[in-house]
A.B. asks: 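This structure is in C-alpha cells; I'll ask about it shortly.
These numbers come from a predicted model, not from an experiment. If you read the sequence from its start, that first residue is 1, and numbering goes on from there.
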Amino acid sequence: MNWCCQKFKFRFEFAGLRGLSLCIKKSENSESEFFMQFRIVDDGEFLTFNEDVRVVFAEESSIQFCPWCGKKLSITYRNVPQEFVRNDLDLSAERSNQLRISKQNNL
C-alpha cells in the first residue's frame, strides 16, 4: 500500500487499539470511508465499575483529508486492498459505544 505519509500509516497500524487511530471502512456501495477513532480501551476489552456511570469507550469522526499531509483520502486511497478494510471496528452500530453500566452491588 502506498501511504500518503508516515503519520497516517503509523495511526492506521493502531486501529482497534487504545488511543488515536485511523480506520478505513467500505460502505454498502463499496466506497472507501475514512475514520479517526479514539479508544480508552482496546477493542474487545471491558471496564467494570461499582457505580452506575455513563462511559464513552470509543468515538470516531469521518475524515476526508489526511490530518498530517492534507491529501484527499478518496483520491489517494482510491483502490484500497481488502486486507486494509476494517469494517469490524465500526462504531456506528452502538453510536459512540455509549454504554450504561449497571451497579454490580445493590447498595
Side-chain angles (χ1 to χ4, degrees):
M1 176 97 133
N2 290 326
W3 301 99
C4 60
C5 67
Q6 285 296 0
K7 289 182 181 181
F8 190 94
K9 178 183 184 233
F10 178 76
R11 288 296 164 194
F12 177 82
E13 292 170 349
F14 277 83
L17 300 177
R18 182 180 61 213
L20 180 66
S21 67
L22 294 165
C23 296
I24 302 172
K25 303 175 194 176
K26 290 280 186 179
S27 65
E28 291 179 5
N29 62 2
S30 295
E31 289 185 22
S32 296
E33 297 177 324
F34 305 89
F35 294 88
M36 186 173 289
Q37 288 188 347
F38 186 82
R39 296 174 176 273
I40 63 168
V41 294
D42 291 346
D43 187 45
E45 289 187 14
F46 299 96
L47 298 176
T48 57
F49 300 91
N50 291 328
E51 302 291 327
D52 278 347
V53 294
R54 202 163 168 81
V55 178
V56 177
F57 286 98
E59 181 61 66
E60 71 180 13
S61 182
S62 177
I63 59 174
Q64 296 180 10
F65 298 90
C66 176
W68 297 280
C69 71
K71 290 191 177 174
K72 186 163 178 76
L73 299 174
S74 62
I75 294 171
T76 304
Y77 301 105
R78 186 170 301 139
N79 300 310
V80 175
Q82 189 60 36
E83 64 262 25
F84 291 99
V85 175
R86 296 300 310 265
N87 285 359
D88 59 311
L89 298 175
D90 188 10
L91 299 179
S92 61
E94 292 182 52
R95 189 64 236 139
S96 301
N97 278 358
Q98 292 182 6
L99 304 176
R100 180 140 180 96
I101 311 239
S102 300
K103 285 185 180 179
Q104 291 180 343
N105 302 321
N106 295 327
L107 299 177

A.B. asks: Assign the ring pair F34 / Y77 to parallel, tilted or perpendicular, where the plane angle (0 to 90°) is split at 30° and 60°.
C.D. replies: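 If you compare the ring of F34 with that of Y77, the planes turn out tilted.
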A.B. asks: Just to verify, what does E83 make a salt bridge (charged side-chain N to carboxylate O under 4.0 Å, His left out) with, not counting sequence neighbours?
C.D. replies: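 Salt bridge (charged side-chain N to carboxylate O under 4.0 Å, His left out) check on E83 returns nothing, list empty.
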A.B. asks: Cluster question for you: counting only ILVMFWY and a side-chain heavy-atom cut-off of under 4.5 Å, with indirect links fine, are F35 and I24 together?
C.D. replies: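 Not linked; separate clusters.
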A.B. asks: To the nearest 0.5 Å, what is the distance between SG on C69 and CH2 on W3?
C.D. replies: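 C69 SG to W3 CH2: 12.0 Å, rounded to 0.5 Å.
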A.B. asks: Looking at K7, I'd like to know if its NZ atom is crowded, meaning that more than 12 non-hydrogen atoms belonging to other residues, nucleotides or ligands lie closer than 6.0 Å.
C.D. replies: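 Not more than 12 within 6.0 Å, no.
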A.B. asks: Quick one: do V85 and M1 end up in the same hydrophobic cluster if we chain Ile, Leu, Val, Met, Phe, Trp and Tyr together by side-chain heavy atoms under 4.5 Å apart?
C.D. replies: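 Same hydrophobic cluster.
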A.B. asks: To the nearest 0.5 angstrom, please state how far the CG atom of L73 sits from the CZ atom of F8.
C.D. replies: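 Here the rounded value is 5.0 Å.
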A.B. asks: Measuring from R11:CZ to E13:CD, what's the distance to the nearest 0.5 Å?
C.D. replies: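 Answer rounded to 0.5 Å: 10.5 Å.
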A.B. asks: Heavy-atom distance under 4.5 Å between the side chains of P67 and M36, does that happen here?
C.D. replies: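 P67 vs M36: side chains touch.
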A.B. asks: Starting at OG of S32, measure out to CZ of R78 and round the result to the nearest 0.5 Å.
C.D. replies: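 Taking OG in S32 and CZ in R78, the distance rounds to 10.5 Å.
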A.B. asks: Of all the heavy-atom pairs spanning T76 and K71, show the shortest one and how long it is.
C.D. replies: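 Minimum heavy-atom contact is OG1-CB, 3.6 Å.
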A.B. asks: Do you reckon F65 sits in the same ILVMFWY cluster as I63, going by side-chain contacts under 4.5 Å, direct or chained?
C.D. replies: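 F65 and I63: separate clusters.
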A.B. asks: Would you check if E33 and S62 make a side-chain contact, meaning some heavy-atom pair closer than 4.5 Å?
C.D. replies: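 They are not in contact (no side-chain heavy atoms under 4.5 Å apart), so the answer is no.
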A.B. asks: Does the side chain of R86 reach to within under 4.5 Å of the side chain of Q37, using non-hydrogen atoms?
C.D. replies: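 No, every pair of side-chain atoms sits at 4.5 Å or beyond.
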A.B. asks: For N2, does the CG atom sit with more than 12 other heavy atoms under 6.0 Å from it, leaving out its own atoms?
C.D. replies: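 For N2, atom CG is not crowded (no more than 12 foreign heavy atoms under 6.0 Å).
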A.B. asks: Residues two or more places apart in sequence or in another chain: which of them pass side chain to side chain contact (heavy atoms under 4.5 Å, CB included) with F14?
C.D. replies: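 By the side chain to side chain contact (heavy atoms under 4.5 Å, CB included) rule, F14 matches F10, L17, S21.
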A.B. asks: Specify the closest pair of heavy atoms between W68 and L22, including all atoms of both residues, with the distance to one decimal.
C.D. replies: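 So the minimum-distance heavy-atom pair works out to CZ3-CD1, 3.5 Å.
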